[in-house]
Amino acid sequence: MAKMPAPPRPNPPPKSQANRSIATPLTVDEGKAVLRIIRRVIDASSAKDTAGRNKVYDLTNELLRVCHSRTCTLDLAAMAARETDLALVLEDLGILRRNLNLKTGHMDYGTRLNFATNMAFKKKPTQVAA
C-alpha cells in the first residue's frame, strides 16, 4: 500500500504591524543612555536575585525603546543623568507600564510624561506657590 504524500503546508501569514520589531533603532548615544537608566533602575529596585534583576532589565529596556522609537521621543540623556531625581524616572516608567501597548506602540490619549520631548505628551511643570 502506497503512502499518501502530506498535504502542502499553507504559507505563514505576513508579519503584521503589531509583530514588527522596533520601528527606528536607537543611536549609539541613546543606547548608552538607555543602559545607564536601566542601571539606575536596577540599583534602586528591591530585586536582589538574578531572575528579578533580569526581569527589571528586560521590562525597562522594552518600555524605553518602544516608547522612544514608536510613540514619543524621550529625553534619555536627562533621564540617565545622576542629577535627575530617580523618582521622576520611576514615575514615567510606571506610566509607560500602565498605558503603553508594547505590541502596537499606542499610548492612551492624555497620558503625560516628565521626560517627553513631544509637547503632546509633556507634563506641564507644577506651579510652586511663593
Side-chain angles (χ1 to χ4, degrees):
M1 181 175 224
K3 192 172 186 182
M4 296 292 292
R9 290 186 179 188
N11 292 333
K15 287 192 170 195
S16 66
Q17 179 75 15
N19 293 334
R20 239 180 42 179
S21 62
I22 295 174
T24 55
L26 302 178
T27 64
V28 173
D29 292 334
E30 291 171 343
K32 289 179 182 178
V34 167
L35 291 176
R36 286 194 307 269
I37 295 166
I38 292 170
R39 173 57 47 208
R40 290 184 71 195
V41 171
I42 288 175
D43 290 343
S45 74
S46 61
K48 299 301 176 202
D49 60 328
T50 304
R53 293 170 72 86
N54 286 345
K55 184 176 178 181
V56 171
Y57 177 93
D58 291 339
L59 183 60
T60 305
N61 187 30
E62 190 172 16
L63 285 172
L64 290 173
R65 288 178 184 273
V66 169
C67 180
H68 185 72
S69 65
R70 292 174 125 189
T71 308
C72 72
T73 307
L74 298 171
D75 190 358
L76 296 173
M79 289 177 85
R82 291 282 177 200
E83 300 81 36
T84 304
D85 187 15
L86 185 61
L88 293 174
V89 175
L90 294 175
E91 179 184 345
D92 274 4
L93 288 172
I95 290 170
L96 289 175
R97 187 174 184 187
R98 288 185 299 276
N99 298 318
L100 178 66
N101 184 337
L102 295 173
K103 291 183 179 177
T104 62
H106 174 76
M107 194 161 31
D108 294 337
Y109 178 77
T111 303
R112 300 286 182 245
L113 300 170
N114 295 309
F115 294 100
T117 57
N118 184 346
M119 291 309 293
F121 295 102
K122 181 110 178 119
K123 273 191 179 176
K124 294 178 181 162
T126 56
Q127 297 277 333
V128 178

Study note, to complete from the structure: Hits for side-chain contact (heavy atoms from CB on, under 4.5 Å) against R112, two or more places apart or cross-chain, chain-then-number order -> K123
Check your understanding: Just wondering, do L35 and Y57 contact through their side chains at under 4.5 Å, heavy atoms?
Key -> yes
Check your understanding: If you round to the nearest 0.5 Å, how far is CG of L96 from SG of C72?
Key -> 7.0 Å
Check your understanding: Between CG of L64 and CD of E30, what distance do you get to the nearest 0.5 Å?
Key -> 11.5 Å
Review point. Out of curiosity, I95 CD1 to L63 CG, how far, rounded to the nearest 0.5 Å?
Key: 12.0 Å
Exercise for review: Indicate yes or no: at least one non-hydrogen side-chain atom of C67 is less than 4.5 angstrom from one of L113.
Suggested key: yes
Practice item. Just jot down the side-chain hydrogen bond (donor to acceptor under 3.5 Å, both in side chains) partners of N61, sequence neighbours excluded, or say none. Key: R65
**Study point:** Donor-acceptor contact present, side-chain T117 to main-chain T73, <3.5 Å
**Key:** yes
**Study point:** Side chain proximity check, P25 to S69, heavy atoms < 4.5 angstrom
**Key:** no
Point to revise | Non-hydrogen atoms of L26 and G31 that approach each other most closely | key: CB-N, 4.2 Å
Check your understanding: Does the side chain of M107 reach to within under 4.5 Å of the side chain of N101, using non-hydrogen atoms?
Key -> no
**Study point:** Main-chain N/O of N114 paired with K122 side-chain donor or acceptor, under 3.5 Å
**Key:** yes
Review point. Is there side-chain contact between T60 and I42, with heavy atoms separated by less than 4.5 Å?
Key: no
Point to revise | Inter-residue atom distance T111.OG1 - R98.CZ, 0.5 Å rounding | key: 9.5 Å
**Study point:** Under the side-chain contact (heavy atoms from CB on, under 4.5 Å) test, residues paired with T50 that sit two or more places apart
**Key:** N54
Exercise for review: Not counting sequence neighbours, list each pair that qualifies as a salt bridge (charged side-chain N to carboxylate O under 4.0 Å, His left out) and has a residue in residues 31-42.
Suggested key: R39-D43
Exercise for review: Sequence neighbours left out, what passes salt bridge (Lys or Arg N to Asp or Glu O under 4.0 Å) with R97? Give chain and number order.
Suggested key: none
Review point. If you round to the nearest 0.5 Å, how far is CG of D75 from CG of N118?
Key: 13.0 Å
Point to revise | 4.5 Å side-chain heavy-atom contact, V66 and H68 | key: no
Review point. What distance separates L59 CG from L102 CG, expressed to the nearest 0.5 Å?
Key: 7.5 Å
For a quick test of your reading: what N or O donor-acceptor pairs under 3.5 Å do the side chains of residues 76-88 make, sequence neighbours left out?
from : atom 1 : to  : atom 2 : distance (Å)
T84  : OG1    : A78 : O      : 2.4
D85  : OD1    : A87 : N      : 3.4

